Amino acid sequence: MTEPAFPAAFGFLASARPGGGRVPDAVFATRGNHTRVDTALPDQSLIATLVHAPGIAPDAAQARDTDTAVLLAGEFYNRAALHSVLPPGSEPDGDAQLLLQLLHRYGLHAFRLINGRFAAMVSTGRRVLLATDHAGSVPLYTRVAPGEVSASTEAKTLAAQRDPRGFPLADARRVPGLTGVYQAPAGSVTEIDLDSGTAAIHRTWTPQLGRRIMPEDEATAAVRAALDQAVAARVAPGDTPLVVLSGGIDSSGVAACAHRAAGSLDTVSMGTDTSDEFAQARAVVDHLGTRHREITIPSADLLAQLPYAVWASESVDPDIIEYLLPLVALYRALDGSGRRILTGYGADIPLAGMHREDRLPNLDTAVVYDMATFDGLNEMSPVLSALSGHWSTHPYWDRDVLDLLVSLEAGLKRRHGRDKWVLRAALADALPEETINRPKLGVHEGSGTTSSFSRLLIDHGVAEPAVKEVKRLVVRELFDLTVGGGRHPSEVSTAEVVQSAAERFARGAA
Ligand code: IOT
Ligand code: MG
Ligand code: MG
């Protein structure tokens with residue numbers, strides 16, 4: 001089986017009902033072709049729109065047999081292991097068929113076996129299953145009523161459907177401002193009874209709380225092996241991947257592994273007129289011999305794209321939006337056809353890379369906190385790049401890599417006066433010394449995003465101490481306009497929203 005450069009589908013909007021029905025024509029942020037699916041099972045119908053890369057038939061995103069139908073957005077990374085537990089002779093063609101066969105063998109526990117980046121909807125008997133990967137990295141939203149379950153990888157497509165009014169879904173996160181729309185939790189299967197609209201949530205993954213003590217050489221070898229494998233699983237045969245490269249240890253490590261796995265590598269770095277990390281990325285480019293591009297985006301253009309970052313991520317968290325904006329602007333600036341993109345995103349969460357101090361108790365507190373609060377932030381969403389036709393994937397949040405990194409005792413993460421020590425040591429033979437030793441710089445800092453966003457607010461009369469709160473108001477208003485209100489981001493002006501948020505804050509504070 002050759003693996004395609006793209007998953008068979010990037011996203012979907014679907015509806016399950018006892019009888020037939022239809023799904024309205026939806027506007028996704030994800031760019032791609034739309035294919036309609038209409039599956040009549042004995043006890044329910046599953047109808048859907050699949051969004052997929054042009055030129056790729058989305059056949060492998062759907063599968064059915066007599067009483068079960070599967071829809072899948074995204075891809076699996078442990079296919080060989082998954083195949084190995086199926087009866088001899090079963091030759092599933094594509095990830096949706098593989099999932100269908102696993103469901104027959106394991107029931108909904110099948111989702112506990114999968115290491116992937118996906119969202120899935122399964123119609124079976126009179127039940128509907130909605131499943132996310134361990135990280136919820138492909139966001140999945142639902143609106144449930146007796147007799148109908150709608151689900152989508154983008155909340156905005158459910159906002160457009162005002163009817164039916166959603167049933168409350170205990171233990172799932174409400175989507176702000178969208179009545180009756182809930183986000184399926186990361187690492188879970190939501191099992192819904194189609195007739196009553198009642199649901200039970202089954203956890204399929206949870207971050208480890210135990211910590212492992214390991215000798216230095218064993219820990220570094222384990223990290224290197226896990227990362228190598230995660231990157232190799234994300235590289236398609238015959239395809240040259242693209243790494244978004246800052247020149248920090250996280251993305252440089254991915255670049256080194258990807259170069260080895262694919263035999264060739266393209267890299268791209270973004271900067272602004274106020275700051276960049278071009279020289280640091282260049283050291284890695286020269287060392288590995290990648291084909292490299294630098295893209296400079298003026299800060300004013302960057303901030304003008306805030307509506308796109310919120311529209312794509314469907315996140316209301318202002319800190320997260322500052323991390324995502326430079327990446328969204330970078331993805332939008334890539335011309336040409338869709339690419340398979342690997343990032344270093346997420347490494348700082350299990351390694352507490354954002355935590356700039358020495359004390360180990362506080363470091364592990366930061367890891368536990370971040371691992372308990374990432375769900376719903378949508379920072380790994382594929383829509384960030386899919387809005388310009390690219391598929392992105394994050395090797396540090398591979399389930400095996402993440403489980404390993406989270407579980408290492410804090411003294412392996414901060415050691416010999418270095419942050420992220422175990423990762424730096426694991427990559428010591430693959431990268432230049434200056435890259436291995438380079439202190440952490442966040443993407444929001446290296447691109448000047450945080451400071452130029454602050455400056456924009458201050459220029460609109462916001463006082464320094466209020467900047468954080470007004471940023472929150474700006475992001476929420478952008479969310480209400482582009483996700484809840486269905487406005488295209490090209491029609492939304494950052495400056496106008498900043499002005500209105502600043503005025504609202506001033507009135508409230510007065
Ligand atoms: P950072 O780790 O600096 O960047 C994340 C990824 O974005 C990098 O690994 C790289 O692939 C890409 N990138 C960054 N800068 C550039 C650039 N100039 N050009 C091209 N690509 C670039 C924030 C952060 O520090 O980003 N993200 C953290 C923490 C998230 C916090 N979330 C949470 N607590 N839930 C992270 O772990 O990635
Ligand atoms: Mg990082
Ligand atoms: Mg960085």
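Given the structure is predicted, the values throughout are model-derived calculations rather than measurements. Each ligand, and each atom within it, is numbered from 1 in the order the structure gives.
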Undergrad: Kindly indicate whether the side chain of Lys471, heavy atoms from C-beta on, has any atom under 4.5 Å from the side chain of Leu457.
TA: yes
Undergrad: Considering only protein heavy atoms, which is closest to atom 38 (O) of ligand 1, and at what distance to one decimal place?
TA: Gly346 N, 2.7 Å
Undergrad: Asp286: what forms a salt bridge (Lys or Arg N to Asp or Glu O under 4.0 Å) with it, not counting sequence neighbours?
TA: none
Undergrad: Quick one: look up the protein heavy atom nearest atom 11 (O) of ligand 1 and list residue, atom name and how far away it is.
TA: Val244 O, 2.7 Å
Undergrad: Any side-chain heavy atom of Leu302 sitting closer than 4.5 Å to one from Met270?
TA: yes
Undergrad: Would you say Glu445 touches ligand 1, if touching means a heavy atom closer than 4.0 Å?
TA: no
Undergrad: Regarding Arg487 and the six-membered ring of Trp311, is the cationic atom NZ or CZ under 6.0 Å from the ring centre and inside 45° of its axis?
TA: no
Undergrad: For the residue pair Leu99 and Ile114, establish whether any side-chain heavy-atom pair is separated by less than 4.5 Å.
TA: yes
Undergrad: Consider ligand 1: state whether an atom of it lies below 4.0 angstrom from any non-hydrogen atom of Val268.
TA: yes
Undergrad: Quick check on contacts: which atoms of ligand 1 are under 4.0 angstrom from a heavy atom of Leu441?
TA: 3 (O)
Undergrad: Name the closest protein heavy atom to atom 2 (O) of ligand 1, giving the residue it belongs to and the distance to 0.1 Å.
TA: Asp348 OD2, 2.8 Å
Undergrad: Which residue holds the protein heavy atom closest to atom 20 (C) of ligand 1, what is that atom called, and what is the gap in Å?
TA: Leu245 O, 3.4 Å
Undergrad: Taking 4.0 angstrom as the limit, do Arg173 and Asp375 come out as a salt bridge?
TA: yes
Undergrad: Can you count the protein N, O or S atoms that lie less than 2.8 Å from the Mg ion (ligand 2)?
TA: 2
Undergrad: Have Thr272 and Ser447 got a donor and an acceptor in their side chains that come within less than 3.5 Å?
TA: no
Undergrad: How far is atom 29 (C) of ligand 1 from its nearest protein heavy atom, and which residue and atom is that?
TA: Met354 SD, 3.8 Å
Undergrad: Would you indicate whether the side-chain heavy atoms of Thr290 and Asp266 approach each other to under 4.5 Å?
TA: no
Undergrad: Just go through Lys440, Glu379, Met380, His394 and tell me whose heavy atom is the nearest to atom 33 (C) of ligand 1.
TA: Glu379
Undergrad: Between Asp370 and ligand 1, which part of the residue brings a heavy atom under 4.0 Å of the ligand: side chain, backbone, both or neither?
TA: side chain
Undergrad: Examine Tyr345 together with Tyr396 and report whether their ring centres are nearer than 6.0 Å.
TA: no
Undergrad: Should Thr373 be listed as contacting ligand 1, given a heavy-atom distance under 4.0 Å as the test?
TA: no
Undergrad: Just let me know how Tyr345 lines up against ligand 1, side chain, backbone, both or neither, with a heavy-atom cut-off below 4.0 Å.
TA: both
Undergrad: Has Ala347 got any heavy atom lying under 4.0 angstrom from an atom of ligand 1?
TA: yes
Undergrad: Considering the heavy atoms of Leu330, write down every atom of ligand 1 situated less than 4.0 Å from one of them.
TA: 20 (C)
Undergrad: Starting from atom 16 (C) of ligand 1, locate the nearest protein heavy atom and write down its residue, its atom name and how far away it is, to 0.1 Å.
TA: Ser246 CB, 3.5 Å
Undergrad: Under 4.0 Å from a heavy atom of Leu377: which atoms of ligand 1 are those, numbered in the order shown and with their elements?
TA: 35 (N)
Undergrad: Within less than 4.0 angstrom of ligand 1, does Gly271 place any heavy atom?
TA: no
Undergrad: Is there a side-chain contact between Pro139 and Gln183 in this structure, where contact means two heavy atoms from C-beta onward sitting under 4.5 Å apart?
TA: yes
Undergrad: Of all residues at least two apart in sequence or in a different chain, which pass the side-chain hydrogen bond (donor to acceptor under 3.5 Å, both in side chains) check with Ser490?
TA: His488
Undergrad: I'd like the name of whichever of Val443, Leu327, Thr343 reaches closest to atom 12 (C) of ligand 1 through any heavy atom.
TA: Leu327
Undergrad: Is there side-chain contact between Glu379 and Ser313, with heavy atoms separated by less than 4.5 Å?
TA: no
Undergrad: With respect to Phe374, determine whether any N or O atom, backbone or side chain, lies less than 3.5 Å from an N or O atom of ligand 1.
TA: no
Undergrad: Got the closest protein heavy atom to atom 19 (N) of ligand 1, with its distance?
TA: Met270 N, 2.9 Å
Undergrad: Test of understanding: with side-chain hydrogen bond (donor to acceptor under 3.5 Å, both in side chains), list the residues that count as partners of Arg282, not counting sequence neighbours.
TA: Glu294
Undergrad: Honestly, is Arg234 close enough over Tyr77, meaning NZ or CZ under 6.0 Å from the six-membered ring centre and within 45° of the axis?
TA: yes
Undergrad: Got Arg424 and Leu431 here, is their nearest side-chain heavy-atom distance under 4.5 Å?
TA: no
Undergrad: For Ser269, is the nearest heavy atom under 4.0 Å from an atom of ligand 1?
TA: yes
Undergrad: Among Arg414, Arg418, Arg415, which residue meets the salt bridge (charged side-chain N to carboxylate O under 4.0 Å, His left out) test with Asp358?
TA: Arg414
